[in-house]
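So that we are looking at the same thing, I have put the structure below in structure tokens.
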Amino acid sequence: MFPSIEWVPFEQLVFGSDVSARLLIQPVSLIVVVVGLMVITGVVSGYVALFAWRRRSTPGATGLIVFGLASGWWSAGYLLELLVADLTLKLVLANLQWAGVLVAPIAWFLFAFSYAGRDRFTAPAVLLVLSVPSLVGLVAVWTNPAHHLMWSSVSVVPAIGQTITVLQTEWGPLYWLVLGYSYLLWVAGTVVIFRTALDMPTIYRLQAATLIVGALMPVLGNAATTLLELYGPAIDMTPAAFAFAGLACTVAVSRFELLESRPVPRWVARERVVETMTDAVLVTDTKWRITDANQAAKRILGDPAAELKGNPVSDVIEEFSPDERDTDHLTVRLGSGHRYFELRTSAFTDHHGRDIGHALVFRDVTDRRLNLQQLEVMNRVLRHNLRTEANLLEGYANLVLDDIDAGELDDARTHAQTVHDHASTLVNISQKARKLGATREGDGDGNGDIRLRPAAVQIQAAADAIRTEFAHANVRVHDLPDHDFVCAPTLEPIVRELVENGVQHDPAATPVVTVTTTHEGDELTIRIEDNGPGIRPSELAAINAHGETQLRHASGLGLWLVKWGVDQLGGTVTFDAHDEGGTEVVLRIPALRGE
């Protein structure tokens with residue numbers, strides 16, 4: 001079964017030198033120390049594995065668990081191999097150890113790369129690929145009699161009488177490949193921990209230093225054993241060296257908070273910050289071609305990174321111009337609505353100070369602009385509309401008193417009606433201000449989620465409310481959408497405001513307002529037409545300019561409520577005056593199909 005297996009008295013073995021003889025005959029105390037270290041390895045490895053198991057949800061714990069079990073398995077198996085005299089059993093134990101021999105480097109790699117935050121290298125698919133050479137080596141160990149690629153011959157040599165014996169092996173070519181691959185995994189894990197520790201706080205540098213020293217001991221022990229085997233049989237010092245690796249992990253656990261906290265390398269922190277930030281970031285070359293984009297930019301622009309890369313920024317964002325890089329007036333279309341972004345650009349250079357590209361950061365300032373608009377409008381309402389109405393109330397109230405004193409009751413009645421009308425105007429302003437708050441707060445369920453309602457129900461409810469309040473008006477509703485079209489409840493007050501505006505400003509005895517709905521895809525188009533005098537251009541100037549000034553403002557809150565409500569729904573609104581009279585308001589609102 002096993003090739004060239006024989007007992008060979010150690011005194012007859014000469015491998016080009018008597019070095020191996022002296023190594024095995026003289027240092028009996030060294031052999032005792034090595035055996036003692038193997039026992040320590042088993043105990044310490046068990047402790048490390050148990051500690052890591054209790055924290056198995058933390059990054060790096062899985063690798064540490066497997067590392068502890070593999071090193072303990074290797075050490076225990078080799079200790080039994082030294083004590084067993086039966087050749088067949090001795091070789092079976094040696095083969096069983098290969099599970100630990102081949103798994104330990106992979107476990108160290110897994111732990112090190114998890115510890116360093118390089119999670120993409122610890123994915124199951126990657127680990128499976130990394131395990132292929134080790135799996136090939138394990139299969140080759142158990143099938144060696146068929147091909148002799150792992151070793152060509154095995155001899156048994158007594159180290160201390162007949163109590164402890166070692167295997168002297170002539171290794172085959174595949175063994176050296178597997179050994180080199182294992183060293184590569186050890187070195188890769190050690191290097192990544194070393195690089196991570198360079199710019200970390202002191203506690204993480206101490207963690208890394210301890211782990212690196214501990215990891216190097218098994219490598220050095222194995223390298224020393226391999227070198228000694230060139231001169232003859234030698235006790236494998238690798239399992240004993242795992243005692244130092246286990247002790248290093250124990251020190252890192254007890255003194256330097258290993259697994260209690262995870263170091264965040266600078267490159268990981270910067271990458272995660274850019275990818276998870278709410279601001280959109282585009283990276284360009286010196287010719288303003290996009291070379292990279294974070295997740296926020298992909299979401300806002302609606303394109304994957306592959307489609308964005310290589311395109312000039314001006315092709316992706318029409319409003320962008322390299323000549324006007326820093327602005328807070330950049331508008332980006334998002335769906336069927338608009339979002340406003342504050343754009344800041346910065347150039348970055350190489351080590352010689354030469355420009356190599358630009359970073360464009362887009363900060364969403366839509367809510368800030370909306371708040372400013374509302375402050376402007378409310379300031380105008382308090383400063384102009386309320387003051388004007390209050391002055392008129394005071395003036396006409398005095399006229400009523402004067403008329404009563406003079407006995408002119410008809411004039412008093414007329415002036416009292418005027419007082420009533422202006423008081424109604426104040427009440428109307430108050431109601432619209434209250435609607436303003438409702439528009440901003442939405443209609444949630446208490447958990448921050450908006451309860452969507454059928455668009456047809458909201459449109460019909462708005463028309464019915466106007467019919468009830470203005471019995472003389474003729475409100476017509478045509479082509480309501482299917483009930484499976486739903487949107488936020490903000491739609492109802494918007495439609496109601498527009499229909500009410502058409503009724504109130506129409507001087508006809510029977511004002512006529514028509515509401516017509518069509519849909520294309522997931523967009524609803526709502527047209528509201530009236531036969532009134534139309535909306536004054538001065539009223540629309542402030543709305544279209546997105547803000548009020550001393551010389552340009554709307555007379556009331558109604559149009560602003562419509563504008564803000566439509567923005568909240570992510571839609572658009574346009575006002576068209578007919579040449580023959582009347583106004584057509586067109587709402588385009590994104591709507592979802594309910595289940």
Side-chain angles (χ1 to χ4, degrees), residues 1-10 13 20 23-25 27-46 68-105 134 137-145 148 150-172 174-175 178-179 182 217-218 221-246:
M1 176 179 177
F2 300 99
S4 305
I5 301 176
E6 58 178 340
W7 281 96
V8 180
F10 177 73
L13 289 173
S20 62
L23 285 174
L24 283 176
I25 292 175
V28 175
S29 58
L30 175 61
I31 297 175
V32 174
V33 170
V34 170
V35 171
L37 287 175
M38 293 180 196
V39 176
I40 295 174
T41 297
V43 175
V44 175
S45 298
L69 294 176
S71 60
W73 177 268
W74 188 353
S75 300
Y78 189 66
L79 181 59
L80 291 176
E81 177 194 327
L82 292 177
L83 298 176
V84 167
D86 183 78
L87 288 181
T88 302
L89 182 56
K90 197 177 191 69
L91 286 168
V92 169
L93 289 172
N95 290 351
L96 288 173
Q97 294 167 45
W98 277 94
V101 172
L102 297 173
V103 168
S134 299
L138 187 60
V139 172
V141 165
W142 287 96
T143 60
N144 187 74
H148 301 168
M150 289 298 291
W151 63 82
S152 58
S153 65
V154 176
S155 301
V156 178
V157 178
I160 301 179
Q162 296 296 325
T163 304
I164 293 180
T165 57
V166 297
L167 292 176
Q168 186 247 326
T169 308
E170 291 291 336
W171 297 111
L174 185 57
Y175 167 80
V178 172
L179 181 66
S182 297
M217 295 305 294
N222 186 267
T225 301
T226 303
L227 181 63
L228 291 175
E229 285 181 341
L230 297 177
Y231 297 96
I235 288 182
D236 189 355
M237 290 182 284
T238 312
F242 273 115
F244 297 99

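Sequential numbering from 1 along the given sequence is applied to the chain's residues.
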Partner set under side chain to side chain donor-acceptor pair (under 3.5 Å) for W171, not counting sequence neighbours: E229

Identified side-chain contact (heavy atoms from CB on, under 4.5 Å) counterpart of W74 within the set L102, V103, V101: V101

Partner residues of S75 under the side chain to side chain donor-acceptor pair (under 3.5 Å) criterion, sequence neighbours left out: none

Non-neighbouring partners of L167 that pass side-chain contact (heavy atoms from CB on, under 4.5 Å), sequence neighbours left out: E81, K90, L91, A94, V154, V156, T169

Flag side-chain contact, heavy atom, 4.5 Å: W142 against L96: yes

Derivation of the side-chain contact (heavy atoms from CB on, under 4.5 Å) call for L179 and N222: CA-CA 10 Å; L179 181 66; N222 186 267; 3.2 Å; yes

E170 side chain to S153 backbone, donor-acceptor under 3.5 Å: no

For A99, side-chain contact (heavy atoms from CB on, under 4.5 Å) partners two or more places apart: W73

Which residues share a side-chain contact (heavy atoms from CB on, under 4.5 Å) with A140, sequence neighbours left out: H147, M150, L174

Partners passing side-chain contact (heavy atoms from CB on, under 4.5 Å) against L89 (at least two apart in sequence or in another chain): V84, D86, L93

Whether S152 side chain and H148 backbone form a donor-acceptor pair below 3.5 Å: no

